[in-house]
Number of protein chains: 2
Amino acid sequence: MKWDALEEEPCSLARTVAVIGDRWSLLILRECFLRIRRFDDFQASLGITRHLLADRLKKLVRFGVLRKIPYQEAPKRYEYILTQKGLDLYPIIMSIVHWGNIHMVDSRGRPMLHQHKACQKMFDPVMVCSECGEPLSAKAVHVHPGPGARKSSPVHARAQERARRGVALD
Amino acid sequence: MKWDALEEEPCSLARTVAVIGDRWSLLILRECFLRIRRFDDFQASLGITRHLLADRLKKLVRFGVLRKIPYQEAPKRYEYILTQKGLDLYPIIMSIVHWGNIHMVDSRGRPMLHQHKACQKMFDPVMVCSECGEPLSAKAVHVHPGPGARKSSPVHARAQERARRGVALD
DNA sequence: TATTGACAGTTCTAAAATAGAACTTAAGGT
DNA sequence: ACCTTAAGTTCTATTTTAGAACTGTCAATA
């Protein structure tokens, strides 16, 4: 499957993977959330090749995740800033960081701590249900086809039948 | 940078990207959460080449995200099941799906809806602070070096200084 | 005036990863 | 004997990525 085909898939995960599903895009976005904005600063802090960095920034701008805005004339220079669409990636970034904090840290402990300005406490992100506010887990969720669904494959039909019969996820 | 180097980075995001930061791993995991478990079923539903699928399954098993368990002898056949570490990826998957639902769906609407078994309602995932329960946004969070931090680069020092001075994220 | 340095890229070649198809192995069924 | 299912492995061709060098503007310095 080509990258372009991913964008067209009838699946919100696949379409998002088309935007952030490569080795560098998420790392670039991490830097954006840490207030890195300029080409050479991205390059210095990530060690990405300049070629790839130029390509990825172009892609993120094309998807509307970053905006390229001039910060000086003569010579014209630009910086890359998160759009609202980009800022909305924050829950993805945080849930990735949190999983890494739980499952991938070594004996030195967490590289970074997060403080909530509102309550002043160091926190972890928790994913809850928008309707009842309870924490979510995979086992507590049923999936249903939505209006944008295509007919499901036989493989998926069998899998959903297993779910209906209460077959566990693990 | 090589993939192996990513795993060693003093950053929980980078280390997680080493596990799920390629085009296929997240798609394979999506199938796992939909109760797909067998090689040919993954292959049929994803259209991934058998070569890559074998490689990615091996990687996910190596990282402890999936377990390979036999479901029949003679000939020996295996299926791939999420471990607890794998189930813990659910918030990442859901936040990715949710971002796609908001920013990447076409006119047909969402491909999939989610129902919370506890409250019976269709829901969206919301990320909240573990301490005060309020919804989180990037702008409401301060970052601090944790016990596993390495000395920050000059580039990051300048960026953090900007944050301290209250420079906006966007 | 000539030189150096900062910044934001582009261009080149070599190495690595991926796509796509065919092949293998082991057993059961007809 | 032959076909099918399942889970891979092997092969070649194409695409992507790594790594380094190069380009074009302009400002500041020697």
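A note on names: the letters A, B, ... follow the listed sequences, proteins ahead of strands, and every chain is numbered from 1. What's counted below: heavy atoms across the whole structure, side chains too, no hydrogens, waters or symmetry copies.
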Open item on the list: I need the CZ-P distance between Phe39(A) and dG24(D), as an integer number of Å.
Closed with: 17 Å
TODO: Figure out the OH/P separation between Tyr71(A) and dC7(C), and round it to whole Å.
DONE: 6 Å
Task: Check: Arg50(A) side chain, dA8(C) base, donor-acceptor under 3.5 Å - done: yes
TODO: Return the nearest nucleotide to the side chain of Pro75(A); candidates are dT10(C), dC26(D), dA7(D).
DONE: dC26(D)
Open item on the list: If you count every heavy atom of other residues, nucleotides or ligands that lies below 6.0 Å from Glu7(B) atom CD, does the total exceed 12?
Closed with: yes
Task: Quiz item: cation-pi between Lys59(A) and Trp3(A), 6.0 Å / 45° - done: yes
Task: Integer-rounded Å distance: dA7(D) P and Ile69(B) CD1 - done: 13 Å
- [ ] Identify which nucleotide among dT9(D), dG9(C), dA7(D) has an atom closest to any side-chain atom of Lys68(A), counting heavy atoms from C-beta outward.
- [x] dG9(C)
Task: Ala74(A) side-chain proximity, nearest of dC26(D), dA6(C), dA21(D) - done: dC26(D)
Open item on the list: For dA7(D), does the base pair up with any side-chain atom of Arg77(B) as donor and acceptor (N or O, under 3.5 Å, distance only)?
Closed with: no
TODO: Let me know the distance between CG of Leu53(A) and C1' of dA20(D), rounded to the nearest Å.
DONE: 16 Å
Task: Interatomic distance where CG belongs to Leu57(A) and P belongs to dT10(C) [whole Å] - done: 11 Å
Open item on the list: Side-chain N or O of Lys58(A) versus OP1/OP2 of dT10(C): is the shortest distance under 4.0 Å?
Closed with: yes
Task: Exam field: side chain Trp99(A) to backbone Ser12(B), donor-acceptor pair closer than 3.5 Å - done: no
Open item on the list: Any heavy-atom pair between the side chains of Cys132(A) and Lys121(B) that's under 4.5 Å?
Closed with: no
I'd like a list of close polar pairs between nucleotides 15-18 of chain D and the protein, N/O only, cut-off under 3.5 Å.
| residue | atom | partner | partner atom | Å |
| --- | --- | --- | --- | --- |
| dT17(D) | OP1 | Arg56(A) | NH2 | 2.9 |
| dT17(D) | OP2 | Arg56(A) | NH2 | 3.0 |
| dA18(D) | OP1 | Met1(B) | O | 3.2 |
| dA18(D) | OP2 | Trp24(A) | NE1 | 3.2 |

TODO: Specify the closest pair of heavy atoms between Leu26(B) and Leu13(A), including all atoms of both residues, with the distance to one decimal.
DONE: O-CD2, 3.9 Å
Task: Charged tip of Arg56(A) within 45° of Phe42(A) ring normal and under 6.0 Å - done: no
- [ ] Calculate the interatomic distance between Asp40(B) atom CG and dG8(D) atom C1'; express it in whole Å.
- [x] 9 Å
TODO: Would you please test Tyr80(B) and Arg37(B) for side-chain contact (heavy atoms from CB on, under 4.5 Å) and show each step?
DONE: CA-CA 5 Å; Tyr80(B) 295 89; Arg37(B) 340 184 117 191; 5.6 Å; no
Open item on the list: If I take atom CG in residue Asp41(A) and atom P in nucleotide dG9(C), what distance separates them, rounded to the nearest angstrom?
Closed with: 13 Å
TODO: Return the value, rounded to whole Å, for the distance between atom OH of Tyr78(A) and atom P of dT10(C).
DONE: 12 Å
Open item on the list: Five pairs per end, C1' atoms only: what is the angle between the end axes of the helix from dT1(C)-dA30(D) to dT30(C)-dA1(D), to 10 degrees?
Closed with: 20°
- [ ] Kindly indicate whether the side chain of Tyr90(A), heavy atoms from C-beta on, has any atom under 4.5 Å from the side chain of Ser95(B).
- [x] no
- [ ] Measure the shortest side-chain to side-chain distance between Ile69(B) and Glu79(B) over non-hydrogen atoms and say whether it is less than 4.5 angstrom.
- [x] yes
